[in-house]
There are 2 protein chains.
Amino acid sequence: MQPHKRVIEPTPWRSQKDEVRAPGKNKDGKMVKRTSLEGNPCPIARSLDAIGDWWSLLIIRDAFLGIRRFGAFQRSLGLAKNILTVRLRALVDRGILATEPAADGSAYRDYVLTPKGRGLFPILVALRQWSEEFDEHPDEIATVLVDRAHRRPVRKLLLCADDGTPLAPGETMLAPR
Amino acid sequence: MQPHKRVIEPTPWRSQKDEVRAPGKNKDGKMVKRTSLEGNPCPIARSLDAIGDWWSLLIIRDAFLGIRRFGAFQRSLGLAKNILTVRLRALVDRGILATEPAADGSAYRDYVLTPKGRGLFPILVALRQWSEEFDEHPDEIATVLVDRAHRRPVRKLLLCADDGTPLAPGETMLAPR
DNA sequence: TCTATTGGTTTAATAATGCAACCATATGGA
DNA sequence: TCCATATGGTTGCATTATTAAACCAATAGA
């Protein structure tokens, strides 16, 4: 007996409803696109649509550390320049970064965080604290986030109710808006 | 005059040091790999290495909402089953999800959050709150996170110093560990 | 004026993702 | 008990994203 053979082309014995399409194409014959989360009603998905790839968040991180120039981002992150170009443009388009004349007076441009971009700080802190708490090799973590005035580690981010009492995940729920 | 022509193959006038390599290969002729953030000393990068793609965080989100079964994740997220398979396996491997016998007594398995996975909650909250505060179409956001007891929206995550005073991004810095 | 730096773009190759077909096992009902 | 359907995947292929390296125009520096 023959081993199973994959049927890709339409075959006579295949029923009408069991339609055969070329892989990589949908029923309209349109191209397959990487799914976008744009317009998703979930705010988490909406955020991920804007900054949900690593490079974007690492660029933001570096921006918080004071990096402003294209070349500096590239050297710091070690990513391909074409990717950096695309990412920076997307972040500017979304109002997370803005360009301005270079601080050193040259004809080049700096990339700086907008207020919307600075609003991402809690996300970076949350990512950092998760790693600090759960990473399997915490000894490999090089830095601690401290408050500049006293040089002491910051507190963990804490989710609180309206009245200030701390909330565990299970003590919360989603309500329609 | 001819338009510029791209030189990919080695040419006589090209110097020794200006070596020519096939694009997509490095100097050793090895395959191009997607960069991994594993072992990176930055804790943000380490977190992103574990959960830095959309689908993973959306799976986690659904897990917090009580979704446990393969098929339920797939229907909820609308992602391809092969991708879901890979993602779930990676999350289990990293100790973020675990499998256990299905709660309904069937022979299937449930995917449930581990303590490490539940530790991701602040990240999800931070993503949510950023969208709530800065999204251009906040009217499209369907839900609010409330505390279960009083049904009132939770507070914004607040970064605090050791002594409890709130900290802005600029009032923090990184110190070596 | 010449050279190096900066900030990209282009090309070719590989890796990741998406879609749909396929399949083995489990479940539910007649 | 038999059969149909649901579940939880795997496989194959097309498309898209990411990457490394070459290339280039404009700027800056000497």
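Just so we're clear, the structure is a prediction, and the values are computed from it rather than from any experiment. Each chain gets a letter, A, B and so on, in the order its sequence line appears, and its residues count up from 1.
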Partners meeting salt bridge (Lys or Arg N to Asp or Glu O under 4.0 Å) with A:D49 (sequence neighbours left out): A:R94
Shared hydrophobic cluster for B:L120 and A:L174 (ILVMFWY, side-chain gaps under 4.5 Å): yes
Near-strand residues of residues 39-67 of chain A, defined as heavy-atom separation under 4.0 angstrom from DNA chain C: none
Hydrophobic cluster membership, A:W55 vs A:V92, 4.5 Å side-chain cutoff: yes
Interatomic distance where CD1 belongs to B:I83 and P belongs to C:dA20 [whole Å]: 14 Å
Ring geometry between B:F121 and B:F64 (parallel below 30°, tilted from 30 to 60°, perpendicular above 60°): tilted
All N/O contacts under 3.5 Å from nucleotides 28-30 of chain C to the protein, with atom names and distances to one decimal?
none

Summary of protein contacts for nucleotides 3-9 of chain D, nucleotide by nucleotide, where a base hit scores B, a sugar-phosphate-only hit scores S (4.0 Å, heavy atoms): ----SBB
Distance in angstrom units between A:L79 CG and C:dG8 C1', rounded: 13 Å
Gap between atoms CG and C1', on B:N82 and C:dC22 respectively (whole Å): 13 Å
Sub-4.5 Å side-chain heavy-atom contact between A:P122 and B:Q129: no
Contact list for residues 70-86 of chain B, test side chain to side chain donor-acceptor pair (under 3.5 Å), sequence neighbours left out: B:D62-B:S76
Between C:dT17 (P) and A:L37 (CG): distance, integer Å: 14 Å
Whole-Å distance separating the CG atom of A:D110 from the P atom of C:dG7: 9 Å
Flag side-chain contact, heavy atom, 4.5 Å: A:T143 against B:P43: yes
Side chain to side chain donor-acceptor pair (under 3.5 Å) contacts in which one or both residues fall within residues 152-162 of chain B, not counting sequence neighbours: A:R152-B:D162, A:D162-B:R152, B:E133-B:K156
Sugar-phosphate, base or nothing in reach of B:A107, heavy atoms under 4.0 Å: sugar-phosphate
Partners passing salt bridge (Lys or Arg N to Asp or Glu O under 4.0 Å) against A:D53 (at least two apart in sequence or in another chain): A:R87
Length of the line joining B:L84:CG and C:dA20:P, which is rounded to integer Å: 17 Å
Co-members of B:M173 in a cluster of I, L, V, M, F, W and Y side chains, linked at under 4.5 Å: A:V144, A:V146
Residues in contact with DNA chain C, drawn from residues 93-103 of chain A - heavy-atom cutoff 4.0 Å: none
All salt bridge (Lys or Arg N to Asp or Glu O under 4.0 Å) counterparts of A:D139, not counting sequence neighbours: none
Side chain to side chain donor-acceptor pair (under 3.5 Å): pairs with one or both residues in residues 164-177 of chain B, sequence neighbours excluded: B:D163-B:T165
Which residues share a salt bridge (Lys or Arg N to Asp or Glu O under 4.0 Å) with B:R118, sequence neighbours left out: none
